[in-house]
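Here the structure is laid out as structure tokens; the discussion comes afterwards.
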Amino acid sequence: MRHQNTTDHGTTAVNRLAGMRRRVVGSIAGLAGTMFLAGCATNAPQDTFQPKGPNAKIIDDLQKPVFAVAGIIGVFVTVVVIIAVFKFRDKGQPIPHQSHGNPALEITLTIIPALILTVVGVFTFRTVFDLAKTSDTEMIINVTGQQWWWEYDYPVQNEYGITQPIITSGQLVIPAGTKVLLRQTSRDVIHSYWIPALNGKRDAVPGRVHLNRIEADKPGIYAGQCTEFCGLSHANMRMEAVALSKADFAKWVANQLKPYASPAENTLAKEGETVFMNQCIRCHQVNGMKRADGTPVIAAPDENMVSGAAPNLSHLMSRNTFAGATFDLLNKSCREDVWGAESESFGAKYLGGVSEDCLNQTDLRGWLRNAPAMKPMYANPALLTSSGGKYRGMPNLGLTESDIEKLVAYLLTLK
Amino acid sequence: MTTDSHTETDGAAHTSTGLSNNKLGMWLFLGSECLLFGGLISTYMLYRGRVGEGPRPSQVFDIPFTSVSSFVLLMSSLTMVLAVSAAHKGDDRNTYLWTTVTAILGATFVGGQVYEFTAFYNEGMGFTTSLFSSSFYVLTGFHGVHVTVGVIMLMSIVGIMKRSKVPGSKSETVEMIGLYWHFVDVVWIIIFTLIYLIPA
Amino acid sequence: MSNAGYVRIAAILAAITALEVATYYVDLGALFLPSLLIMMAVKFYIVVSFFMHLRYESKMFSWVFYTGLFLAIVVYGIFLATFHFFS
Amino acid sequence: MAIIERSITSTEVFSVATPSSSLGALKRPVATTGWKSWLFTVDHKKLGIMYSAAALFFFIVGGLEAVLIRLQLAAPNGKILNADLYNQMFTMHATTMVFLFVMPMAAGLANYFIPLQIGARDVAFPRINAFSFWAFLFGGLFLNLSWFLGGAADGGWFMYAPNSGPVFSPSHGIDFWVLGLQITGIASLAGAVNLITTVLNMRAPGMKLMRMPIFTWMQLVVQFLLLFAVPVITVALFLLSFQRNFGATFFDVSAGADPLLWQHLFWIFGHPEVYILILPSFGVISEVLPVFSRKPLFGYPFVVFSGAAIGFVGWGVWAHHMFASGLGPVSVAVFSISTMAIAVPTGVKIVNWTMTLWGGKLEFTAAMKFAVGLIVLFTIGGLSGVTHSVAPSDTQQTDTYYIVAHFHYVLFGGAVFGLFSGFYYWWPKVFGKLLNEKLGTWNFWLMVIGMNMTFGPMHILGLQGQPRRMYQWTEARAGEGLFNFGFWNMFASIGSIVLSIGILLFLINIVITARNGKVAPLDPWDARSLEWMTSNPPKEHNFDSIPTISHLDEFFHRKYQEDASGQMVKVKTAEQVMKELEDNADAHIHMPSPSYWPIFLAAGLPVISFGVIYSIPIAIIGGVIVLFGCYGWSIEPSTAPDDDFDPPATTKDVVHVG
Ligand code: HEA
Ligand code: HEA
Ligand code: CUA
Ligand SMILES: [Cu+2]
């Protein structure tokens with residue numbers, strides 16, 4: 001697994017490590033305190049207390065006071081017990097009065113928590129419905145989970161220049177400051193979509209469409225992770241949301257809609273295209289690709305995959321990560337360049353995609369050589385027959401080194 | 001301490017509530033069965049419209065036939081209660097008679113169910129045809145198994161009573177089987193209405 | 001209860017069953033569902049109360065049995081409701 | 001078990017007569033010592049010990065699995081387990097801990113102590129009791145058999161569909177899981193019927209419900225929860241096994257199924273289940289705290305009713321495990337609020353325990369330490385539970401280590417601490433020897449420190465966004481500074497070693513005590529409830545004569561009385577109280593007789609299950625075993641008739657049990 005996060009502390013919006021305030025919380029004792037602190041001062045990319053958009057903010061506004069209340073009650077109970085322990089330990093005092101209780105006290109101490117919870121309940125209630133609001137949605141993206149990556153399908157939305165559906169995977173690209181509605185489902189088992197900085201989780205359940213609203217305030221990359229156990233590589237099913245300024249987003253859309261350009265004859269890449277047609281096209285679609293006789297090449301992942309899909313590779317090199325955002329497509333220095341960029345230049349750098357100099361050769365070649373060795377794909381290959389011989393995840397194709405050489409050259413043309 | 005006179009049948013005498021252990025245990029078990037059948041019925045309710053390529057409920061159900069077999073099961077509750085009543089009076093002959101009749105009625109019901117299942121199967125509704133068919137067979141199958149167990153118990157009790165010499169000595173056992181039997185009948189009352197009479 | 005009493009109860013049950021089956025053939029409109037459910041509940045109650053003697057037995061038996069029944073109805077009812085089953 | 005005859009001639013010796021003649025299908029087992037006396041016993045005390053011993057064994061198994069998990073997660077990209085093994089590991093860790101450790105351990109305590117606490121000589125259905133135990137044991141072993149037959153279940157302990165279906169989980173692991181749990185479910189159900197009947201029906205004269213010890217009360221609530229919750233998971237397991245083994249499509253989305261069906265059924269069971277796990281421990285510490293505070297439980301009726309209320313409200317909150325499942329805002333809001341409601345009755349308990357301590361004369365034995373530990377640790381876990389119940393915030397925290405932290409605090413800091421408190425408290429009762437208190441103190445502190453080190457950091461990890469059920473975590477998302485994953489994962493793993501050493505000390509304590517522990521006095525703790533009003537360990541028939549109860553805390557009130565100034569003074573020693581009972585001893589007590597059938601019948605269940613997985617003829621053989629077992633069972637009288645004894649019990653005034 002690669003470092004996906006830079007280590008330098010810049011001050012850009014993209015770099016989540018930067019400029020983080022560490023709020024100090026008072027009156028903390030024992031564990032309740034640790035719990036508290038964890039929520040308040042931090043720098044992990046999936047921190048649940050660092051909202052970067054309105055939905056996450058609504059949640060955060062609710063959870064902070066709740067955690068505080070819980071913390072205070074915890075400290076209170078702990079302190080009372082500790083006092084009792086020291087005050088009443090056996091120091092030879094006589095046997096205490098055999099009192100059986102004090103109903104008035106009992107009832108008071110029952111009503112107080114009930115009142116506290118009523119207040120919490122009212123706010124919870126309101127927040128649940130606030131979050132469920134979808135009527136003012138500005139953009140729709142269909143999100144489909146499968147073992148073990150996410151597919152994004154942008155339906156035609158002319159106001160964003162999306163004149164044809166766009167299909168991509170791994171990184172969800174959205175315009176910043178726009179209310180985006182994710183319509184989620186799954187092709188196999190249950191997954192869960194979670195970009196903590198933008199909103200809470202929402203399961204992607206096969207046979208159902210669940211709505212999930214997100215919005216990012218500023219351009220940047222926001223990390224996330226599949227959070228419903230979905231089989232062998234659940235741990236390697238990640239995702240990133242990339243927010244671009246509206247202008248940059250338009251450029252991104254235009255690039256995604258760019259027609260396919262077959263590599264020039266007699267290049268390594270052209271040979272790679274042939275290998276690709278022989279090997280990869282069974283599962284991976286590249287839009288606009290044609291055979292020598294001019295017939296379009298259509299992948300048939302449904303015949304090969306249990307989930308019925310494999311990532312669309314048309315513009316593979318426009319993304320930074322691959323295989324469920326588990327590996328980098330950019331090598332370390334280029335990656336740091338993009339991820340650490342200033343807010344204004346971030347968009348341009350991201351849109352630069354992956355050039356030959358920047359490609360993370362090791363991981364991409366490793367992937368083509370033997371994908372399951374890098375990311376566990378099925379527990380026991382012998383059991384594949386029980387799924388009708390269909391694959392779960394990308395198999396080891398037994399490619400030769402020269403094939404891999406050619407393929408890499410070819411894949412680099414898929415900008 | 002009490003040193004009570006204890007007989008095989010009289011389980012209640014030395015309990016703190018004066019109730020029989022066996023009967024209390026049986027009622028507890030039946031309370032638990034409510035949640036078992038409730039789960040199966042709910043599953044069916046959820047899935048009854050999901051027929052896929054297979055037949056719809058209204059296409060396969062034969063209401064007149066099922067009405068008759070429901071009636072048979074209902075009447076077996078009458079014969080069962082007569083058996084229990086006879087057992088309590090120590091009237092072994094009538095106990096044999098009514099338990100046997102109950103067993104026959106129960107067996108008739110199960111037979112009807114087998115016939116019904118075969119008919120459904122022939123109409124293209126196998127166990128795995130659709131969600132509707134699977135949940136229908138699981139629900140009614142569970143019920144059928146309950147009836148079958150009841151029939152076996154009824155037949156065994158006749159044998160056991162004949163072995164034991166004391167008249168009326170097994171009256172509590174008969175009563176317990178009766179409780180079980182009525183419960184199975186009551187479940188069918190619900191199944192018949194919810195599953196058969198109310199169309200999906 | 002006497003045997004004749006049991007027979008009378010069985011006759012009532014049979015009559016209700018006949019009515020139930022009749023609803024299948026007669027169009028009752030909006031009354032269809034409620035009438036069937038009520039008849040079902042009545043039959044249930046009669047068998048449990050009289051054939052199973054629950055009315056005459058200790059309250060404790062009623063408690064344990066009806067608690068189970070109550071939980072089943074409420075819990076599974078809510079469960080189906082979350083699927084928008086009743087809407 | 002036998003007819004216990006009072007020696008008429010002289011002093012202490014009671015003679016025991018066992019049935020001899022052939023009865024039912026087989027001659028009755030007669031051994032009163034040796035392994036046969038255990039295999040065929042129907043004595044609730046022997047069964048209680050066997051339950052607990054088996055549960056302890058499974059605790060070690062589940063604990064070793066947990067330690068492997070922690071070793072794997074200590075550093076990024078752990079290499080100790082591969083993804084497949086890791087998934088099996090946490091699935092089986094949870095299954096083992098929940099179904100094969102806490103539940104049967106609580107059942108063991110219930111078995112042993114409920115009859116003693118209510119003044120009964122055995123449970124209502126001794127043979128069913130034996131059957132429950134064997135079914136649990138065989139079910140548990142069957143579950144773990146899968147390790148050796150192609151891998152254990154790997155779908156997580158709540159086994160969400162459709163991932164648990166045959167296409168996505170083709171190995172047999174989940175088949176073993178489903179059928180194994182089905183068997184232990186039968187055991188729980190039979191146990192519930194038995195124990196409820198026992199509590200309601202077998203109480204000593206004067207033992208009104210509101211005079212019952214709290215442990216018995218909480219167990220009564222638990223058994224009701226089992227009675228009604230087990231059938232729900234039974235349905236779910238049946239649906240799943242029909243899908244896996246017989247081609248049905250209950251959770252197959254391509255056939256139109258809805259995967260949320262499984263989630264609902266599982267959690268309708270699953271949430272009452274968590275109270276099944278905690279309430280016995282609540283019961284234990286409600287016994288221990290008053291004894292070592294020298295003061296009755298504060299607000300006994302409140303504790304009773306709040307227990308019942310928890311049991312009841314617990315039925316209406318299951319969907320709080322599904323806040324992210326896409327239920328729709330109305331359901332989410334309703335379940336969110338109902339979940340909060342449960343904090344109220346639980347709070348009542350915390351208040352009552354604290355108030356029991358308040359103004360007492362506290363003696364910190366190991367049992368007491370664990371009990372006080374529970375109050376604090378459970379509160380922490382309960383409060384994080386309340387933060388989950390706030391649905392919007394739960395969508396951030398669900399399926400992260402924050403949840404893992406919550407449930408280990410309530411399960412380990414709550415349920416397990418309660419059980420340990422019970423071990424130290426009741427050990428002298430069961431084995432007649434006192435566990436070493438010094439080791440107990442070490443045991444306690446290492447467990448408290450270890451448990452906070454292990455599970456405390458998980459709050460941080462979860463809030464920092466570390467999802468659960470990841471066989472590896474990556475540096476890339478670990479963050480830096482104080483709250484980075486690296487440090488706290490390592491910290492938690494070290495904590496789990498500390499915790500293991502703590503638990504190891506308990507095992508060592510057992511061995512040392514068995515070898516040369518201090519022989520326990522009759523009433524080592526100056527206890528309050530009925531189980532202490534008999535010898536250590538109790539005689540086969542529990543009480544020489546059944547006491548008549550006139551107080552809550554009967555034993556205490558027999559020993560103590562108020563003097564003129566209103567001060568409690570000891571008026572009788574435990575020995576004197578005992579003597580009174582002995583003097584009125586029943587002459588002849590006819591105990592339930594041992595039987596071959598419970599273990600025989602239970603043995604058929606795994607055979608059927610094995611057959612369902614591998615070949616139907618084997619299942620049929622299993623079915624025949626079960627049928628034959630039922631036959632033998634039903635023609636064998638549960639209690640051998642008096643004239644079947646050697647020497648025959650001739651006297652008329654025999655007291656019968658069961
Ligand atoms: C012993 C077991 C046990 C117990 C007792 C509890 C008790 C509670 N649990 Fe927990 N829970 C689990 C075991 C348990 N839980 C397990 C195993 C899971 C995870 C399953 C899985 O996903 O694998 C889980 C998960 C879980 C979730 C789902 C989280 C998720 O997956 O997203 C939720 C959500 O609401 C929840 C809530 C609660 C609440 C509100 C309580 C309450 O009962 C707690 C009440 C107690 C207190 C609140 C403390 C004392 C009270 C006071 C001092 C009074 C004053 C308090 C206030 C005013 C707040 N639990
Ligand atoms: C009662 C229940 C219970 C108990 C007691 C425990 C006890 C422990 N649990 Fe766990 N746990 C669960 C119930 C429980 N757990 C559940 C329900 C899950 C969710 C699973 C899922 O997601 O499906 C879970 C998941 C879970 C995870 C998350 C896995 C993941 O999501 O990827 C982790 C990780 O650290 C963990 C750790 C531990 C540890 C370190 C202990 C320790 O407390 C264990 C301590 C015990 C021992 C250490 C063994 C005893 C003694 C010895 C070892 C001495 C030496 C022995 C010999 C000499 C023979 N548990
Ligand atoms: Cu997809 Cu977890
Ligand atoms: Cu819960």
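A, B, ... follow the sequence lines: proteins, then strands. Residue 1 opens every chain.
For D:Y160, the part sitting under 4.5 Å from any heavy atom of chain A is the side chain, from C-beta outward, and nothing else. Proximity to chain D (any heavy atom under 4.5 Å) is shown, for A:D188, by both the backbone and the side chain. Interface residue A:R208: only side-chain heavy atoms are found under 4.5 Å from chain D. There is no contact between D:P301 and chain A, counting heavy-atom distances below 4.5 Å. Looking at A:Q184, neither its backbone nor its side chain comes within 4.5 Å of chain D, counting heavy atoms on both sides. Of the two parts of D:M355, only the side chain, counted from C-beta on, holds a non-hydrogen atom closer than 4.5 Å to a non-hydrogen atom of chain A. Contacts of A:I112 with chain D are absent, with no heavy-atom separation under 4.5 Å from either backbone or side chain. Proximity to chain A (any heavy atom under 4.5 Å) is shown, for D:Q88, by neither the backbone nor the side chain. Contact annotation for D:V390: both backbone and side-chain heavy atoms come within less than 4.5 Å of a heavy atom of chain A. In this structure, chain D has a heavy atom under 4.5 Å from the side chain of A:H234, while its backbone stays farther away. If you measure heavy-atom distances from D:D154 to chain A, the contacts under 4.5 Å come from the backbone alone. For a residue to count as touching a neighbouring chain, one of its non-hydrogen atoms must lie under 4.5 Å from one of that chain's; by this rule D:Y560 touches chain A with the side chain only. With a threshold of 4.5 angstrom between heavy atoms, D:N82 does not approach chain A through any atom at all. Contacts of D:V330 with chain A are made by both backbone and side-chain atoms, with heavy-atom separations under 4.5 Å. Residue contact with chain A, scored on non-hydrogen atoms closer than 4.5 Å, involves the side chain of D:S336 exclusively. Interface remark: D:F158 contributes side-chain atoms only to the contact with chain A (heavy atom separation under 4.5 Å). If you measure heavy-atom distances from A:A132 to chain D, the contacts under 4.5 Å come from the side chain alone. When heavy atoms are compared at a cutoff of 4.5 Å, D:V167 approaches chain A by way of both its backbone and its side chain. If you measure heavy-atom distances from D:F323 to chain A, the contacts under 4.5 Å come from the backbone alone. In this structure, chain A has a heavy atom under 4.5 Å from the backbone of D:A161, while its side chain stays farther away. At a 4.5 Å heavy-atom cutoff, the contact between A:V77 and chain D is made by side-chain atoms alone.
Here A:I95 contributes atom CD1 and D:M568 contributes atom CE; the two are 7.5 Å apart, rounded to the nearest 0.5 Å. Rounded to the nearest 0.5 angstrom, A:L232 CG and D:S169 OG are separated by 10.0 Å. Atom SG of residue A:C226 and atom CZ of residue D:R469 lie 11.5 Å apart, to the nearest 0.5 angstrom. Of the inter-residue distances, the one linking A:K87 atom NZ with D:L357 atom CG reads 12.5 Å to the nearest 0.5 angstrom. The CG atom of A:D47 sits 13.5 Å away from the CZ atom of D:R477 when rounded to the nearest 0.5 Å. With rounding to the nearest 0.5 angstrom, the OG atom of D:S325 is 4.5 Å from the CG atom of A:D203.
Highest contact tally toward chain A, considering only D:P166, D:G328, D:A333, D:G326, is held by D:G326 [criterion: heavy-atom pairs under 4.5 Å]. For the set D:V386, D:V332, D:N352, D:L85, the count of heavy-atom pairs under 4.5 angstrom toward chain A peaks at D:N352. Chain A forms the most heavy-atom pairs under 4.5 Å with one residue out of D:T356, D:D84, D:D553, and that residue is D:D84. Between chain A and the options D:V344, D:I350, D:N163, D:L552, the largest number of non-hydrogen pairs under 4.5 Å is found for D:N163. Considering only heavy-atom pairs separated by less than 4.5 Å from chain D, the leading option among A:S186, A:A56, A:G207, A:A84 is A:A84. Chosen from A:H97, A:K390, A:K91, A:Q225, the residue pairing most often with chain D at heavy-atom distances under 4.5 Å is A:Q225. If you tally non-hydrogen atom pairs under 4.5 Å between each of D:P296, D:P76, D:G150 and chain A, the highest count goes to D:P296. Comparing D:T354, D:N87, D:V348 by heavy-atom pairs within less than 4.5 Å of chain A, the highest count is held by D:N87.
In this structure, D:G360 and A:Q93 approach most closely via the heavy-atom pair O-NE2, 3.2 Å. Taking all atoms of both residues into account, the shortest heavy-atom contact from D:S293 to A:P96 is O-CG, 3.7 Å. Heavy-atom minimum distance, D:P392 versus A:L62: CG-CD2, 3.6 Å. The nearest pair of heavy atoms linking A:P45 to D:G479 is CD-N, 3.9 Å. Looking at every heavy atom in both residues, A:I190 comes nearest to D:P259 through CD1-CB, 4.0 Å. Contact between D:Q397 and A:F49 at its shortest, heavy atoms only, is NE2-CE1, 4.4 Å.
Ion pair D:D399/A:K201 not flagged as a salt bridge, since none of the NZ, NE, NH1 or NH2 atoms sits closer than 4.0 Å to an Asp/Glu carboxylate oxygen. Between A:E228 and D:R468, none of the side-chain N atoms (NZ, or NE/NH1/NH2) sits under 4.0 Å from a carboxylate O, so this pair counts as no salt bridge.
Aromatic pair D:F90/A:F229: centroids less than 6.0 angstrom apart.
Contact annotation: the side chain of A:W194 approaches that of D:T400 to within less than 4.5 Å [non-hydrogen atoms, C-beta and beyond]. Considering only heavy atoms from C-beta on, A:I59 comes within 4.5 Å of D:T395 through its side chain.
In this structure, D:K570 places its NZ atom where more than 12 heavy-atom neighbours from other residues, nucleotides or ligands lie under 6.0 Å away. No more than 12 heavy atoms of other residues, nucleotides or ligands shown are found within 6.0 angstrom of CZ on A:F76.
Checked by atom type, the side-chain pair D:Y471/A:N236 shows a donor-acceptor distance below 3.5 Å.
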Run the side chain to side chain contact (heavy atoms under 4.5 Å, CB included) check on A:N199 and D:Q396 step by step: do they pass?
CA-CA 7 Å; A:N199 200 347; D:Q396 287 287 21; 5.8 Å; no
Quick one: do D:F364 and A:R89 satisfy side chain to side chain contact (heavy atoms under 4.5 Å, CB included)? Show the steps, please.
CA-CA 8 Å; D:F364 288 98; A:R89 64 168 54 246; 3.9 Å; yes
As a quick check of understanding, evaluate side chain to side chain contact (heavy atoms under 4.5 Å, CB included) for D:T387 and A:V69, giving each step before the final call.
CA-CA 9 Å; D:T387 64; A:V69 170; over 6 Å; no
Assess whether side-chain hydrogen bond (donor to acceptor under 3.5 Å, both in side chains) is satisfied between D:E562 and A:Q98, documenting all intermediate values.
CA-CA 10 Å; D:E562 249 173 64; A:Q98 300 292 302; over 6 Å; no
Quick one: do A:E106 and D:F298 satisfy side chain to side chain contact (heavy atoms under 4.5 Å, CB included)? Show the steps, please.
CA-CA 9 Å; A:E106 295 264 359; D:F298 187 86; 3.1 Å; yes
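Here the side chain of D:K361 pairs no donor or acceptor atom with the backbone of A:D90 at under 3.5 angstrom. No donor-acceptor pair closer than 3.5 Å links the side chain of A:T227 to the backbone N or O of D:P467.
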